[in-house]
Each structure stands twice: as structure tokens, then as C-alpha cells.
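Worksheet for the structure shown next.
Just so it is clear, the values below take in all heavy atoms, side chains as well, and ignore hydrogens, waters and symmetry mates. The first residue of the sequence shown is numbered 1, and numbering continues consecutively from there.
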Amino acid sequence: MNRRKFITNTALSVPLLSFPAVLRSQTVSGKNELKIIKPRKLSEGDTIGLIAPGSPISKEDLEESIESVESLGFKPYYTDTILDKYGYLGGKDKDRAEDINHMFANPDVDGIVCARGGYGCNRILPMLDYEMIRNNPKVLVGYSDITALLYALYAQAGLVSFHGPVGISTFNEFSVDYMKRLLTTSDKNYDLVSADEDQEKDDEAYKIYTVSEGAAEGELIGGNLTIAASLLGTPYDVDYKNKIVFLEDIGEEPYRIDRMLTELLLAGKLQDAAGVALGVFVDCAVDEEDPEYENSLSLKQVFEDRLGSLGIPVIHGLSFGHITNKFTLPFGTKAKLDTNKEAITLLESSVD
């Protein structure tokens with residue numbers, strides 16, 4: 001299908017190059033929230049649109065993403081702009097936004113997988129047609145910088161989306177099992193249990209430990225900590241009240257993690273959360289050989305200091321983040337966090 005011809009002949013609600021008016025602004029009190037909608041579940045043979053909404057991808061990345069989609073039993077589809085490059089971005093903002101709008105509007109596309117994250121998704125948030133997206137709900141999966149899209153789709157369209165593997169991720173048995181169960185079935189009341197092999201690693205980032213004991217229920221929201229902090233004060237931020245907040249990051253030293261958690265606290269976001277699930281914070285600890293080691297708090301101390309007094313359950317080391325074995329987490333559906341079980345239980349299906 002010729003993408004540009006399709007767009008020309010499709011009656012979208014606004015010109016693709018304009019900035020559609022946002023549907024709502026999230027408030028601290030949670031007023032003006034849209035009714036949450038779920039995408040249709042995927043079936044074998046469905047068509048998956050591949051997009052690069054952040055950083056650019058190479059031909060090798062595209063080939064790997066195609067193989068990943070095919071290995072899941074789906075048919076890959078992409079447009080002629082997917083290999084575009086504009087400095088550190090995967091093409092001009094208008095083209096990346098247009099690609100997302102196209103994938104949601106195209107009736108032949110059943111779901112969307114981001115080929116990679118990187119940087120750039122926040123630049124295109126005002127260009128997305130949220131009313132059209134809400135009227136064409138589809139699965140969208142990604143993590144890292146894709147967190148910006150997950151937040152925006154929830155805040156502005158009320159759409160459940162998914163924090164999970166991108167096209168160039170490792171699609172091993174652990175990741176595939178959780179991803180397919182979440183996206184292709186209406187299962188509920190099942191536990192997301194971290195990978196045993198990760199607990200055998202020497203890296204402390206993978207160790208599961210409880211910061212504050214307890215159990216709590218609420219909608220799952222979250223993603224990459226850097227992106228979550230960057231959206232504070234924007235129309236694409238979400239209400240954290242009574243939510244289970246999941247957070248992860250990579251390559252950020254403890255003082256930077258401290259700073260971003262403090263930003264969320266100063267904004268009053270985490271104080272009313274139901275619980276916090278921390279993933280694997282890869283390469284965020286200060287090396288013992290670093291001259292600044294003696295002058296730094298450990299990452300565990302940061303979590304205990306910033307989150308330990310909130311009076312809500314907080315656990316570290318669950319299987320999500322920039323790691324090989326990763327959960328697919330629904331953004332916007334009800335779940336239970338239990339530090340004793342060291343698991344997240346999904347209480348409702350994430351797809352219709």
C-alpha cells in the first residue's frame with residue numbers, strides 16, 4: 001500500500017502537519033480523565049506496523065525487527081520513512097508523527113511495535129491525532145524513550161499501551177511468553193514473576209529486595225524514570241494517585257536517580273501512589289574503582305532514602321528495563337503489587 005496515497009484519501013480529523021488540540025490536561029486531583037479503552041487483542045497472522053519514533057535505525061535493525069515480528073507469528077509492515085535519519089532522530093518530527101498517525105488510521109494494521117527507543121518521542125507528542133487514535137485503538141509496544149508515547153496515549157486518548165520489547169530487543173522464551181500472553185489472550189489474575197537466572201547474576205542491579213513491605217492494588221503506570229520526570233508539568237503527564245508506578249532506567253548515576261525521584265516527590269506525584277515497582281537499573285551504580293565512590297550514596301540507599309518513608313509497598317529488581325528477560329507491562333490496567341510474593345499480579349485483561 002502506498003502510504004502517502006492512503007493518507008491523502010483518509011479523512012483524518014486534522015491536517016497531519018498541524019498540532020491537534022489536546023483532549024485534556026491531567027490534573028493532580030485526577031479530574032477530566034477519559035474513560036480508559038483497551039486495544040483489540042492480537043491474533044496469529046495479524047499485521048504489525050513497525051515504527052522508529054525516536055532515534056534512527058539501521059537496515060540491520062530493520063531486518064532484526066522484521067525477524068522479531070515474524071517470530072511472534074505476525075506480518076510486519078512499515079513505511080518508506082522508517083530508515084530516515086535527521087541527526088540523532090529517526091527523521092523529521094512531522095514524518096515520525098505522521099507515521100504513527102498512519103499506523104493507527106490504517107485499517108490494515110492491527111498493532112504497532114516500535115523498532116527502538118533512543119530519543120525524540122517527546123518532540124512529536126503535540127503532533128499526534130489523539131481523537132483519531134482513540135477511535136482506532138490498537139496495541140502499541142515499546143520501552144525506554146517510548147515511555148513518552150505510553151504516557152501521552154494514556155493521558156490524551158485514554159488508551160492502554162504496553163511497556164515491552166522493541167524490535168531490536170532479544171526475543172527469548174521469557175520475554176516472548178509474557179508478551180504473547182498479554183497481547184493475544186484475555187487472561188487475568190496471573191503473576192509476573194522475575195527471571196530466576198537474573199537472580200544468579202553478580203550484578204546488584206538485578207537483585208530483588210524490598211524497600212518497604214506491603215501489598216497494594218491500582219492501575220499500572222510508568223516506564224523510564226528520565227522520561228517520566230521530563231513530562232512533569234506537561235499535558236502528557238498522568239495522575240499518580242492510587243497507581244502502581246513502575247520505573248526503570250539505564251546509565252544514570254545515583255545522584256541523577258536521586259534528582260529525578262526528588263523531582264517526582266517535589267511535584268507531589270509519588271506521595272499518593274499506591275505502590276512503586278522498580279525494575280533493573282542497568283549501569284546506574286557507582287563503580288568501586290571510581291574516585292567518587294566514597295562520596296556517593298549507593299543506589300539502594302537512594303531508593304531507601306527517597307521512597308522508604310512513603311508508607312507504600314516498594315520493591316526493587318523486577319524483570320523490566322534495559323535487560324534481556326523482560327515483562328510486557330500494560331500501562332493503564334489494574335494490578336496488584338505484593339512485596340512478599342515479589343511479583344506483580346495483573347487483575348484484568350489488557351486487551352479486548
Side-chain angles (χ1 to χ4, degrees), residues 39 41-44 46 48-52 54 57 60-76 110-118 139-147 149-150 160-188 190-201 203 205-208 220 222-224 246-250 277-283 315-331 333 335 337 342-346 349-351:
K41 67 182 177 181
L42 298 176
S43 301
E44 186 172 352
D46 278 353
I48 298 297
L50 285 169
I51 59 174
I57 64 170
E60 292 73 22
D61 292 336
L62 176 58
E63 291 171 359
E64 184 177 348
S65 298
I66 290 171
E67 291 176 2
S68 297
V69 168
E70 291 176 339
S71 72
L72 294 170
F74 305 128
K75 296 182 295 186
D110 302 296
I112 305 164
V113 170
C114 301
R116 67 160 297 182
V139 163
L140 182 141
V141 190
Y143 77 107
S144 194
D145 190 59
I146 309 304
T147 296
L149 293 181
L150 308 186
V160 171
S161 54
F162 301 88
H163 184 277
V166 294
I168 60 174
S169 293
T170 301
F171 281 75
N172 61 359
E173 184 178 359
F174 182 92
S175 299
V176 168
D177 285 350
Y178 277 114
M179 185 177 186
K180 293 194 74 171
R181 184 171 184 180
L182 198 69
L183 302 183
T184 66
T185 77
S186 298
D187 290 354
K188 58 183 179 180
Y190 68 93
D191 297 333
L192 304 180
V193 180
S194 296
D196 290 336
E197 67 177 277
D198 288 343
Q199 299 309 301
E200 300 172 2
K201 297 178 183 291
D203 191 341
Y206 288 85
K207 301 304 179 185
I208 296 179
L220 275 173
N224 181 261
F246 62 92
L247 299 169
E248 61 82 29
D249 220 313
I250 182 172
L278 301 169
V280 178
F281 283 67
V282 177
D283 294 332
I315 191 169
H316 169 275
L318 302 186
S319 289
F320 63 91
H322 291 70
I323 55 177
T324 299
N325 297 307
K326 58 170 66 68
F327 300 141
T328 295
L329 294 166
F331 191 117
T333 60
L337 175 66
E342 298 181 344
I344 296 171
T345 301
L346 302 182
S349 64
S350 304
V351 288

If you measure only the distance, is there a donor-acceptor pair under 3.5 Å linking the side chains of N224 and D145? no
So which heavy atom on [X] is nearest to which on [Y], and how close?
| X | Y | value |
| --- | --- | --- |
| N325 | I323 | O-CD1, 3.1 Å |
| V166 | F171 | O-CE1, 3.1 Å |
| P39 | S350 | CD-O, 3.7 Å |
| S169 | E64 | O-OE2, 4.0 Å |
| F320 | A277 | CZ-O, 3.4 Å |
| P76 | L50 | CB-CD1, 4.2 Å |

Does [Y] offer a backbone N or O that forms a donor-acceptor pair with the side chain of [X] under 3.5 Å?
| X | Y | answer |
| --- | --- | --- |
| S68 | G167 | yes |
| D203 | A205 | yes |
| K180 | L72 | yes |
| E342 | V193 | no |
| S175 | T324 | yes |
| S161 | F331 | no |

Can you measure from [atom1] ([X]) to [atom2] ([Y]) and round to the nearest 0.5 angstrom?
| X | Y | atom1 | atom2 | answer |
| --- | --- | --- | --- | --- |
| D61 | E63 | CG | CD | 9.5 Å |
| L247 | L318 | CG | CG | 11.5 Å |
| I48 | I66 | CD1 | CD1 | 13.5 Å |
| T328 | D177 | OG1 | CG | 10.5 Å |
| E70 | S65 | CD | OG | 11.0 Å |
| K41 | L183 | NZ | CG | 12.0 Å |

From the list F327, Y206, Y178, side-chain contact (heavy atoms from CB on, under 4.5 Å) with S319 holds only for F327
Do the side chains of I315 and L337 get nearer than 4.5 Å, heavy atoms only?
-> yes
Beyond-backbone contact of L346 with L220, side-chain heavy atoms, under 4.5 angstrom
yes
Y143 and H322 aromatic centres sub-6.0 Å: yes
F281 meets the ring-ring contact (aromatic ring centres under 6.0 Å, His included) criterion, sequence neighbours left out, with F303
*Inspect the surroundings of NZ in K207 and state if more than 12 heavy atoms from other residues, nucleotides or ligands are less than 6.0 Å away.*
yes
side-chain contact (heavy atoms from CB on, under 4.5 Å) between L150 and L140, intermediate numbers included: CA-CA 8 Å; L150 308 186; L140 182 141; 4.0 Å; yes
Test side-chain contact (heavy atoms from CB on, under 4.5 Å) on Y190 and L182 and set out the steps.
-> CA-CA 10 Å; Y190 68 93; L182 198 69; 3.2 Å; yes
**Asked** Do D198 and V280 pass the side-chain contact (heavy atoms from CB on, under 4.5 Å) test, and can you show the C-alpha distance, the side-chain angles, and the key distance before you say yes or no?
**Response** CA-CA 10 Å; D198 288 343; V280 178; 5.8 Å; no
Check: Please walk me through it: do I57 and I168 pass side-chain contact (heavy atoms from CB on, under 4.5 Å)?
Finding: CA-CA 9 Å; I57 64 170; I168 60 174; 5.8 Å; no
